[in-house]
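Any value given below was found using the heavy atoms of this structure, including those in side chains, with hydrogens, waters and symmetry copies removed. Not measured: the values here are computed from a predicted model.
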Amino acid sequence: MKKLKKNASPIVLIICILVMIITSVVSGSILTNGGKVRTEELTFTTDIGATAHAKLYIPETATAETPAPAVLLCHGYTASSDDMEPNAIELSRRGYVVMTLDLYGHGETPLPESGYSQVEMGSVADYAPDLGTFSALQEFAKYDFVDLTKIGMLGHSMGTAAIQEGAYIAYTRWTAVYNASLAQYTEEGMNETDAATAAYADAMNSGIVLPGSMVLTGYNYNVRNTEDLTYNNVTEENGVFPLYLAPVNICTIEGEYDEFSGLLWGVDDASKYTESFKFKLGTGGATNVESGTYFLYGDPTATPLSREEAVAAAASAALTYQPLRAAYTFNGTHSDTYYDETAISYGIDFFDITLKGGVSELAATDQVWHGRAACGLIGLIAALISFVALAMTLIRIPFFKAICREEAASISTITDKKSGVKYAIWYIIFLLPAPLLYYALVGYPYYMQPQWFKFLTKFMPNEIFNMAPMNSLMLFSGVVGIIVLVIYLIAYFTGKKKSQSTFDNTGLKLPAGKVFRALLLAVISFALIYALITLLAAATGSTFTFFKFSLQPMNLERWIAFLKYLPVWFGFCLIVNVVYNSLTRINGKKSILNYILIGFSSIGGLLIMFIYDYGTLFATHVRGIQYIPGTTSESWIALTGMPFPTALAGIMLFGLLLILPLSAIFGRVLAKKTGSVWLGGFLTSFIILAFTICHMVINV
């Protein structure tokens, strides 16, 4: 037993590496449907001269002799093409060619260089709200195994906004070709019918790829203000849906508890989104439509169509200019759309109706992506643990072992009721700053320059710190870290005399040379495991991703950003590691209790706030903390026209609720081994930052 305990860290490391390899290989197999779908990475130049990255899924049934329908998938804000894998897996195994696109500033697609514009968007400088979707749509024309008459687009949140703009550009350019040809043929004396027929043929042969079907998830119909064609101050009276003249079949899919409903649809209760005027404008007059209803555009009563009637309507949309509409609601939140079986099945079914004539060999509910998601989560946890397991293994080397010393006693000792109450009071005080300041400091950090969307970002991106969401998290951690430090100093000096604490008890006492060795050990441990993560991604095409949690390979731009943000995160991690190990830990108590106390102290306040916030949402369909503090005042609304919701900050909290307790426990393990907080401070700052930054949007 002693020998097993002594070799625990290398055994854990080996197990974690094996788990990472196995889950990565299994994920790769699921992604390719057991080898029946091949994947290709591709880059292309967009219409504004930017370089875009995408991934192509090509089923073996798609050939030049039997071209297949194709679907473009676009992720939401702070996500990447990897987040669209569930849809990509299910559609490609059903015979669709699938392209998952990294939108501008996300994943492997950088932001375009300044000076670009799009004629269809008024030639406004540095404005390209399609985020590369138009050009991605045109890429399908390069492949002879794609049936260009059967093209679909599916987006989530920001991606939904983007695909509507991409489709708008495509139809605008197609219409321009048609109108130019029609004018020419009419001028040449051709009769009206023949001129229209010839012009239509010219437009269809122009090479412009048009979508025939669109699935909009987690976002409204893009409705513009007819006065200046922007999305500002849109009402039912002045609003217009730009694609209303396009014969494109469209369905909407909304979670009943979508946090963004009030902002996007103007209806706080997302289950009632079909009552919104934006829904009415996007459907040509329909409102209050029951989930699962197929109906025709322009039918204000939304007369339900049978599946067979829906298939016929979708097929004839280009002739009748009365395309199909459908509305769906599922039991979930905004982000659940990525990983909800019902939501995914709705999209599959709509594409089957609109692109395959209603025929499918597999039921929409026959889904296998769950295995990929499970592997992503298991592999992710194994990867996180392996960072620490490797450090604990390498610390056996004499050079690194020199940093180890006997751990000093904690400042906290509970011997009676009085000391227990005192500990509880301090514990609660330390929990308070995070939940009280979270929404105020994080704000609504949506900043997408090509869309001109710059919401309530408390720390605006700049040339140095160029990620709006990371800036908000950095601001939050910096302010909370300082407050926690002040509280700690008060607690330390208040109880210093009685506990006979010294600097040694803080866990900070370590010679500078050994601090450097701790840093070197942290760098090596982090770098080796991240190299393995990158190699496995390259070998299997799979990343360790689940829901909003991920560890993905990073490009050079993100590694540079990593180094820029690192000092603040290290300061935060060092402060909290001091608190966890010298004050939260209780002398004389079992290790398991101390791990629980430390883990809960890292997120306890945030967790209670989260439970109240989302518990209220699930009970009433409206968030418990709906707006960012300070944005509901009359003066604010008079200035901005609206209060700002907490939706984006609430979604970002999901990731913190996983990584913060894990890093706190990791820090405790390393402090117990080394007797100081330096190694834990260094390594946990690397882990937290990589976890949060690897999929963040680049803003500047």
Side-chain angles (χ1 to χ4, degrees), residues 78 384 387-388 391 403 433-434 437-438 441-443 445 447 457-489 506-527 529-530 551 554-581 602 652 655-656 659-660 662-664 666-667 670-671 674 676-700:
T78 75
L384 291 171
F387 288 121
V388 178
I403 70 174
L437 296 173
Y438 181 75
L441 293 174
V442 174
Y447 183 106
T457 301
K458 296 298 185 72
F459 188 162
M460 294 294 286
N462 53 60
E463 292 295 335
I464 298 175
F465 300 114
N466 57 352
M467 296 178 168
M470 279 304 304
N471 286 4
S472 290
L473 291 177
M474 183 172 69
L475 178 64
F476 168 71
S477 63
V479 172
V480 170
I482 292 171
I483 293 174
V484 166
L485 178 60
V486 171
I487 297 173
Y488 174 79
L489 291 173
T506 65
L508 289 168
K509 188 175 181 181
L510 196 68
K514 293 184 178 180
V515 171
F516 173 76
R517 294 190 191 192
L519 172 60
L520 184 60
L521 176 56
V523 169
I524 292 173
S525 301
F526 178 77
I529 297 302
Y530 222 95
L551 273 177
M554 293 191 285
N555 57 19
L556 179 61
E557 194 172 18
R558 278 175 173 73
W559 279 118
I560 293 173
F562 178 93
L563 295 175
K564 291 177 181 178
Y565 285 100
L566 186 58
V568 172
W569 283 104
F570 169 66
F572 172 77
C573 288
L574 190 63
I575 290 170
V576 295
N577 266 279
V578 169
V579 175
Y580 297 151
N581 290 286
S602 68
M652 290 168 61
L656 294 181
I659 195 60
L660 289 181
L662 282 178
S663 61
F666 292 162
L670 295 169
T674 64
S676 76
V677 297
W678 290 98
L679 178 58
F682 287 128
L683 189 53
T684 56
S685 64
F686 297 162
I687 295 171
I688 291 176
L689 187 53
F691 182 87
T692 53
I693 207 172
C694 67
H695 58 87
M696 283 292 182
V697 54
I698 300 291
N699 296 112
V700 178

Are the side chains of [X] and [Y] in touch, meaning some heavy atoms are under 4.5 Å apart?
X	Y	result
Phe526	Leu689	no
Phe686	Leu566	yes
Thr457	Asn471	no
Ser477	Val568	yes
Tyr530	Leu551	yes
Leu656	Leu473	yes
Leu683	Phe666	no
Val677	Thr506	no

Spatial distance of atom [atom1] ([X]) from atom [atom2] ([Y]) [nearest 0.5 Å]:
X	Y	atom1	atom2	value
Ile529	Ile524	CD1	CD1	12.5 Å
Ser472	Lys458	OG	NZ	8.5 Å
Met696	Met470	CE	CE	6.0 Å
Phe516	Trp678	CZ	CH2	14.0 Å
Ile687	Phe682	CD1	CZ	14.0 Å

Side-chain donor or acceptor of Arg558 paired with backbone N/O of Ala690 under 3.5 Å: no
Check: Ala561 main-chain N/O paired with Asn466 side-chain donor or acceptor under 3.5 Å: no
Chi angles and distances behind the side chain to side chain contact (heavy atoms under 4.5 Å, CB included) call for Val388, Thr684: CA-CA 9 Å; Val388 178; Thr684 56; over 6 Å; no
Minimum heavy-atom separation for [X] and [Y], please, with both atom names.
X	Y	answer
Val697	Pro469	CG1-CD, 3.8 Å
Glu557	Ile698	OE2-CG2, 3.4 Å
Ala664	Tyr580	CB-CE1, 3.5 Å
Phe459	Phe465	CZ-CD1, 4.0 Å
Met474	Tyr565	SD-CD2, 3.5 Å
Leu670	Ala391	CD2-CB, 4.4 Å

With sequence neighbours excluded, what pairs up with [X] under the side chain to side chain contact (heavy atoms under 4.5 Å, CB included) test?
X	result
Ile464	Asn462, Lys564
Ile487	Trp426, Ile429, Phe430, Pro433, Ile483
Thr674	Ile395, Ile403, Cys404, Ser676, Leu679

Pairing residues for Tyr447 by the side-chain hydrogen bond (donor to acceptor under 3.5 Å, both in side chains) criterion, not counting sequence neighbours: none
With sequence neighbours excluded, residues passing side-chain hydrogen bond (donor to acceptor under 3.5 Å, both in side chains) with Tyr488: Ser582
Residue pairs involving residues 691-700 (criterion side-chain hydrogen bond (donor to acceptor under 3.5 Å, both in side chains); sequence neighbours excluded): none
Lys509 atom NZ, over 12 foreign heavy atoms within 6.0 Å: no
Side chain to side chain contact (heavy atoms under 4.5 Å, CB included) between Leu574 and Leu508, worked out: CA-CA 9 Å; Leu574 190 63; Leu508 289 168; 4.2 Å; yes
Whether Phe572 and Trp569 hold their rings parallel, tilted or perpendicular, with breakpoints at 30° and 60°: perpendicular
Geometric class of the Trp559/Phe562 ring pair [parallel <30°, tilted 30-60°, perpendicular >60°]: perpendicular
